[in-house]
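Before any comments, here is the structure.
FYI, side chains are in, hydrogens and waters are out, and symmetry mates aren't considered; it's all heavy atoms of this structure.
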Amino acid sequence: IILTFLITMDKINNLKFLAHGMSEIPEPLAEYAGLKRSADILPVMFKMVHAAKNANMDMFTEEELEKALHSVESKSINWEHSDEFIGYIKKAYLVKRDDKNTKIIVASDKSIKEEDNISHYLNHEEGEPSYIMALAYVWTHRKSLRDKSEKMKNRAKAGTLTWSMETFFKEHECEICNKVFADDSNNCEHLKTRFVNGTGRILRDLTFVGAGVTEDPADKQATNIAIG
């Protein structure tokens with residue numbers, strides 16, 4: 001099953017993101033994203049992980065993100081990487097560009113080329129690497145969950161709602177010598193001192209297991225796109 005969504009220019013002109021300090025959305029995100037609306041859920045759209053090196057010196061490639069895209073859906077959302085679960089991911093897409101700078105949205109096992117105006121909806125930064133975009137439900141049926149959802153909406157209005165992915169990986173590669181290791185115990189000298197010299201650890205064979213709302217993400221571009 002291929003999941004996608006279509007957005008008219010009229011809707012785009014009316015849409016204002018709860019991200020980067022922008023004002024609130026005049027129409028619900030659910031209408032654009034094809035998510036069911038309910039009094040006990042809060043739909044959110046966010047950038048989960050980029051094909052780049054993060055602050056932990058872990059690196060993700062576009063190829064590995066696309067291979068692991070299927071593992072994102074139905075995984076949990078938590079608060080600050082704790083056991084406090086607040087929702088789950090409903091849909092996931094890989095957002096990238098081809099050689100002609102045309103936006104491509106990858107859903108499931110097929111690429112879908114969209115009009116350039118989709119980039120306005122996705123709030124894609126100039127020169128931004130490819131990334132996985134997640135559409136998710138945050139639960140609001142308990143007071144503790146409603147408190148978290150209000151914090152999320154307030155952060156979104158301030159442009160400070162950020163995310164952090166969680167993943168398993170089978171092996172990793174040194175970006176300098178290209179040696180591959182099953183774990184950190186036999187790392188090369190480059191990786192043993194990677195937090196000093198900045199060497200990237202390229203993660204291979206990923207299985208994404210969720211995402212967390214966090215104030216200090218390793219991927220500094222893992223920002224919120226829309227909420228509500």
Worksheet item: Do Phe169 and Met59 share a hydrophobic cluster (ILVMFWY, side-chain heavy atoms under 4.5 Å, transitive)?
Response: no
Worksheet item: If you look at every heavy atom in Gly212 and His81, which pair is closest and at what distance?
Response: N-CE1, 4.2 Å
Worksheet item: Is it true that Lys148 and Glu84 make a salt bridge, defined as a side-chain N closer than 4.0 Å to a carboxylate O?
Response: yes
Worksheet item: Any Lys/Arg nitrogen of Lys96 or Glu66 sitting under 4.0 Å from an Asp/Glu carboxylate oxygen of the other?
Response: yes
Worksheet item: Would you call the rings of His50 and Tyr131 parallel, tilted or perpendicular, where under 30° means parallel and over 60° means perpendicular?
Response: tilted
Discussion item. Is there a continuous path of hydrophobic side-chain contacts, each under 4.5 Å between heavy atoms, that joins Phe208 to Trp79?
Written reply: yes
Discussion item. Could you go through Asn224 and Trp163, starting from their C-alpha distance and side-chain angles, then the distance that decides it, and tell me whether this counts as side chain to side chain donor-acceptor pair (under 3.5 Å)?
Written reply: CA-CA 7 Å; Asn224 205 64; Trp163 298 81; 3.0 Å; yes
Item to complete: List the steps, then state whether side chain to side chain donor-acceptor pair (under 3.5 Å) holds for Thr214 with Asp216.
Response: CA-CA 6 Å; Thr214 181; Asp216 187 25; over 6 Å; no
Worksheet item: Between Asp184 and Lys192, is the closest basic N to carboxylate O distance under 4.0 Å?
Response: no
Worksheet item: What do the steps show when you test Asn197 against Thr193 for side chain to side chain donor-acceptor pair (under 3.5 Å), and what is the final call?
Response: CA-CA 6 Å; Asn197 60 32; Thr193 57; 2.7 Å; yes
Discussion item. Counting only heavy atoms not in Asp183 (residues, nucleotides, ligands), do more than 12 fall under 6.0 Å from its CG?
Written reply: yes
Worksheet item: Are the charged groups of Glu73 and Lys90 less than 4.0 angstrom apart, N to O?
Response: no
Worksheet item: What's the verdict on salt bridge (charged side-chain N to carboxylate O under 4.0 Å, His left out) for Asp219 and Lys47, showing C-alpha distance, side-chain angles and the deciding distance?
Response: CA-CA 10 Å; Asp219 182 344; Lys47 298 175 183 181; over 6 Å; no
Worksheet entry | Test: Asp147 and Lys143 ion pair at under 4.0 Å | yes
Worksheet item: Does a side-chain N-to-carboxylate-O contact under 4.0 Å join Arg194 and Asp58?
Response: yes
Practice prompt. For residues Lys220 and Ala55, report the shortest heavy-atom separation together with the two atoms involved.
Written response: CE-CB, 4.3 Å
